[in-house]
Amino acid sequence: MNQEQHKKIASLVLQVVQNLQSHPAQWVNLANMGGALEAAGIQYRDYGFEKLRPFLEAFSEVLVFDNDTEEGKTPVYYVRPKGEGEDTLTQNPSQADADRETAALRQDGKLPSKDSWLFKWAYIEPSMLQKLAGLALEEKWYYGNEPGQEQESLPILYNYLAYTFKRLSFEKKVLLATDPERNEEYAAFNTGLVDRKYEYIYALFKENAKYNYSPYWYLLDFVVAGEDSGKTLIKVFNPLPERADYFENKIQNMLYDTTTGDLYCDYIHIITERTDRLPEEFLEDNCPADFLTIDGVSLGDVCRLPAGDKRRIAYYQALGEKIKDTQRVLNRLKNRIEDAVELALKRVEWNYKTAIPMYFPTRNTGSLLLPLCLSDPHHVDLALVVERQPSGAYQGQTILPLDLAYSNSRLVARPDSDWLKTDAIVVWDGQAKME
């Protein structure tokens, strides 16, 4: 990369690290950086790096690094933003003050809130995701035909855990307890997953006394009550943590009722503010030939760039505004999406399982997903998020790419669907993300 590229990427990398920190002095485990960089549109292999650590070390002008090495264990590497006047790997002159501040912040983060993020609230070894996948009832936790190259590359499971924790925090079902015999603190939650005997699997955490700059908790193990490490769970917790509840005993959160009300969609939002989610072929088929070129940039130039790429973002924002200002194009796109919605409703009437329940993490609400076939009636391109209103009518809120749709729906249950399947989902810009 040239000097200008290096400067821009360094700024983005620094922002990613800061977003993973709960306070400026906190060290960030490198294991948490890969997915976060991909979510920000940064693929280190695109810049000639085979491994993540050498890529990050290329930005030593803004980052400092540390590691923890124990005999017989794999070294753990950390990164954080470089402080003013800091040239070495670790200590800064006010270390004692920083330690006191960190201790106070860690105590504040002991009990999760609705704003807590699992992988900042607790330290979790990346390999533990593989362990959980092996313990749970067999399920495919990645998209496409092959898992990612990294050992911990299980994007669906990563998101499932993160947003299950989010819901449990909202429901106050993440429990804390103290072992009275040893005066050791523990936390636990029900993952909602089961083993091959259909016994619930719990995440068991212990106070993290090892690393000053780490979260208050670290994951001790994924356990089944009464088995191996699960003996500690039942020793400390009674009753055991409950699983997340997404349905809230409301039938409308589970099934689409085609007998009550109509379906209305926010087409302006879908077409002009979620333009980047519309398929390339759909836009090309329904827009004039020269319409999709803006300031010399064509749709083909940007549509396969990572979601966080500034050129892509700028292009689709401009295209959305252009569509909004061109009534005939807006009407044509709207009519075509209406046809796709009508087809989706026919599929629901034919098979009620077509409508898939999902959880909307950012709004803490339950919704339903309907398939949208925009370019080919036999190929699903997107999912339409619909919510039932008090009147009985349904509101189409937005559209989701299929990876986000699957991740959100998997929080509620493993989709039993003829259209939302992991094998058919392709993720262009890395690990799946939550809406």
Side-chain angles (χ1 to χ4, degrees), residues 139-141 143 155-156 159-160 162-164 166-167 192 244-248 250-258 260-267 269-271 273-274 276-279 282 336-389 392-427 432-435:
E139 185 169 348
K140 186 178 174 189
W141 293 109
Y143 300 104
I156 300 172
N159 282 323
Y160 173 87
Y163 286 96
T164 296
K166 201 84 167 169
R167 176 67 177 181
D245 177 16
Y246 298 102
F247 295 123
E248 298 176 339
K250 297 177 181 177
I251 191 68
Q252 59 263 37
N253 288 344
M254 297 179 253
L255 297 172
Y256 189 103
D257 187 353
T258 59
T260 64
D262 295 318
L263 172 58
Y264 301 90
C265 294
D266 188 353
Y267 290 106
H269 164 76
I270 290 171
I271 296 170
E273 297 181 33
R274 290 292 181 260
D276 60 320
R277 294 179 177 178
L278 297 173
F282 172 73
R336 183 63 195 90
I337 296 176
E338 284 179 330
D339 291 341
V341 171
E342 184 178 351
L343 177 61
L345 292 176
K346 289 180 179 178
R347 291 181 65 166
V348 174
E349 286 187 355
W350 175 72
N351 180 3
Y352 73 92
K353 291 184 179 180
T354 299
I356 300 173
M358 62 155 270
Y359 174 61
F360 226 130
T362 55
R363 298 173 59 189
N364 193 40
T365 58
S367 306
L368 292 167
L369 295 169
L370 301 183
L372 289 183
C373 303
L374 298 178
S375 303
D376 181 338
H378 304 294
H379 175 77
V380 177
D381 297 295
L382 296 165
L384 176 68
V385 180
V386 300
E387 295 177 3
R388 186 172 178 177
Q389 305 303 305
Y394 285 90
Q395 173 69 54
Q397 301 284 16
T398 190
I399 52 176
L400 293 182
L402 297 183
D403 63 326
L404 302 189
Y406 189 94
S407 290
N408 288 13
S409 65
R410 182 57 192 85
L411 293 172
V412 179
R414 182 162 57 184
D416 179 15
S417 165
D418 62 354
W419 66 271
L420 191 57
K421 300 178 179 180
T422 55
D423 290 351
I425 297 174
V426 177
V427 182
K433 303 170 288 301
M434 301 303 292
E435 174 70 0

Please check: side-chain N/O of Thr354 versus main-chain N/O of Arg347, any donor-acceptor pairing under 3.5 Å?
yes
Would you say that Cys265 contacts Ile337 through its side chain, given a criterion of any heavy-atom pair below 4.5 Å between the two side chains?
no
Keeping Arg167 on the side-chain end and Asp245 on the backbone end, is there a donor-acceptor pair under 3.5 Å?
yes
What about the rings of Tyr163 and Tyr359, do their centers lie closer together than 6.0 Å?
no
Side chains of Leu368 and Ile356 in contact at under 4.5 Å (non-hydrogen atoms)
no
With a 4.5 Å cut-off on side-chain heavy atoms, are Val341 and Leu263 touching?
yes
Donor-acceptor contact below 3.5 Å, side chain Arg274 vs main chain His269:
no
Just by modelled atom types, is the Ser375 backbone N or O under 3.5 Å from a matching donor or acceptor in the Asp381 side chain?
yes
Output for pair (Leu382 CG, Phe282 CZ), nearest 0.5 Å, gives 9.0 Å
For Gly396 and Leu384, which heavy atoms make the closest approach, and how far apart are they?
CA-CD1, 4.4 Å
With sequence neighbours left out, write down each residue that passes side chain to side chain contact (heavy atoms under 4.5 Å, CB included) with Gln389, or none if nothing qualifies.
Glu387, Ser391, Gln395, Gln397
Test item: Leu372 and Leu343 side chains (from C-beta on) under 4.5 Å apart, heavy atoms
no
Do Lys166 and Leu411 make a side-chain contact, defined as non-hydrogen atoms from C-beta onward lying under 4.5 Å apart?
no
Compare all side-chain heavy atoms of Tyr394 with those of Tyr256 and state whether any distance is below 4.5 angstrom.
yes
Just how far is it from atom CG of Asp266 to atom OG1 of Thr398, taken to the nearest 0.5 Å?
8.0 Å
Look up atom CG in Asn159 and atom CH2 in Trp141, then write down how far apart they are to the nearest 0.5 Å.
10.5 Å
Backbone N/O of Leu374 and side chain of Arg336: donor-acceptor pair under 3.5 Å
yes
Minimum heavy-atom distance Ser409-Tyr406, with the two atoms named:
OG-O, 3.0 Å
Could you walk me through whether Tyr267 and Glu338 pass the side-chain contact (heavy atoms from CB on, under 4.5 Å) check?
CA-CA 9 Å; Tyr267 290 106; Glu338 284 179 330; 3.2 Å; yes
Side chain Tyr160, main chain Pro155, donor-acceptor under 3.5 Å:
no
